[in-house]
Amino acid sequence: MGLFTRKNSTKKEYMLMQEEAEQNKEINLDVDGEEQYTRTASQRLAYAENCCDRMVICQKRLEAAKAEYREVNHYLTDISTIENLEGEKKESLLFEARRIRSLTEDKKSYKNLASKMSDKKYDFINRHEKDMPDILKNLKDCEDNLQAIKTDMHNVEGEKSALKYERKISIQRMNAMRKLLKLVMVFSAVLLAAFTYGQLKGEYDYTIGYYIVVVTAIAAIALILAVNKGQEKNLRIAELKLNKIIGILNKCKLRYVNLKSSVEYMYDTYGVANTYELSSLWQTYLTAKKEREAYFMMSDNLYKATENYNAIIESLNLYDPSVWSYQTAAVLEPEEMNVIKETLHKRRDAIKKNMDYNSDLIEKSKENIKRIIDEEPEIGNDILAMVDRKEKELLNG
């Protein structure tokens, strides 16, 4: 049970004697009869010395047992004092004991249910607590800007592709106009040659044909040149736009790389993968901070309740108030107190048996020594001197 286990020097000596007794079971401490080999005077003298040594051992055990017996009685008296309390003092003691039990249970359950956050992360966030709202806002803005730049880059890439396609179409049309111009010129030249040949033969008058071919050729060439000029203009505009778009795209890429480096640096600094994770960590920190504040408040209230409880215990003038500092359950629950009393009574009975046993051994040893002196008067003085010496050793040590 661990309540009344305080050891002083007397109890330690007693425990050592008990261990010695266990280790020396071979030695017969029971002196109901005279041992063997006590026929000669030297043997009887040695036997008397053995009885004296036995008496010293038993006397030390007896003193230690008496000290423990008195201590157990003191503890039982303390229990009676606590059980017989009445009035305001009893109510105060029970009130503080209930507070201690309740706060201890709440503290334990609160600790078990507390948010799981490592001390390392808690201390890190705690160092940045004042700046954390700004850090979250800054990181969120950076992520939004990063996404906006990424979207812009995607749109610019689309415009770039469209302008490249438009430039390609303009070049294809210009090439087609050049081929068409060559075709018109060749076709016109062939017609004019044919008309000239017919005119020279004198078969027909091809003057009107000449005019028609020349006018048609001029009109076609003019139209082709106009279309080609329009395509050249479109090509120049597309190239200008494309160069501008490429410049914008390069700027976007540069901004994206720089901003991404800043964001990744903040991720590494705060040990997160994104703003959401940092925000969750921040919320966990705020919860943990409140829980720790509540836990410390419980600890403070528990400390005050324990102080009040101990002050009441001290005022009862008990033999050992310290053993009751952690026995609020026994103060509150009669069943628990009865268990303690039963244990102490059993312990006291065991000590009483041990005392009786050692007292009996001492008396029997005295009787044996007296019998030897009566039977061997010539060694009586030696035995008495030995007894005096053993008594002085016992007193000195």
(message) If only side-chain N and O atoms count, and only distance matters, is there a donor-acceptor pair under 3.5 Å linking N175 with R178?
(response) yes
(message) I'd like to know if E367 and R371 make a salt bridge, using a cut-off of under 4.0 Å between side-chain N and carboxylate O.
(response) no
(message) Are M185 and L223 linked, directly or through intermediate hydrophobic residues, by side-chain heavy-atom contacts shorter than 4.5 Å (ILVMFWY only)?
(response) yes
(message) Under the rule for side chain to side chain contact (heavy atoms under 4.5 Å, CB included), what residues qualify as partners of S299, not counting sequence neighbours?
(response) K107, Y295
(message) Quick one: does any side-chain atom of S325 pair with a main-chain N or O of S322 as donor and acceptor, under 3.5 Å?
(response) yes
(request) Rounded to the nearest 0.5 Å, what's the gap from SG on C52 to CD1 on I57? Could you check? (result) 11.5 Å
(message) I'd like to know if I340 and Y326 are part of one continuous hydrophobic network [Ile/Leu/Val/Met/Phe/Trp/Tyr, side-chain heavy atoms within less than 4.5 Å].
(response) no
(request) Over 60° means perpendicular and under 30° means parallel, so classify the ring planes of H128 and F124, tilted if in between. (result) tilted
(request) Is it possible for you to say whether F95 and L302 belong to one hydrophobic cluster, with membership spreading through side-chain heavy-atom contacts below 4.5 Å? (result) no
(message) Donor-acceptor check, side chain of S279 to backbone of Y276, threshold 3.5 angstrom: yes or no?
(response) no
(message) Please check if the number of heavy atoms outside E86 that lie under 6.0 Å from its CD is greater than 12.
(response) no
(request) State whether the number of non-hydrogen atoms from other residues, nucleotides or ligands found under 6.0 Å of R348 atom CZ is greater than 12. (result) yes
(message) What I want to find out is whether K304 reaches D300 closely enough, with some N-O distance under 4.0 Å, to be called a salt bridge.
(response) yes
(request) Please check if atom CZ in R99 has more than 12 non-hydrogen atoms from other residues, nucleotides or ligands closer than 6.0 Å. (result) yes
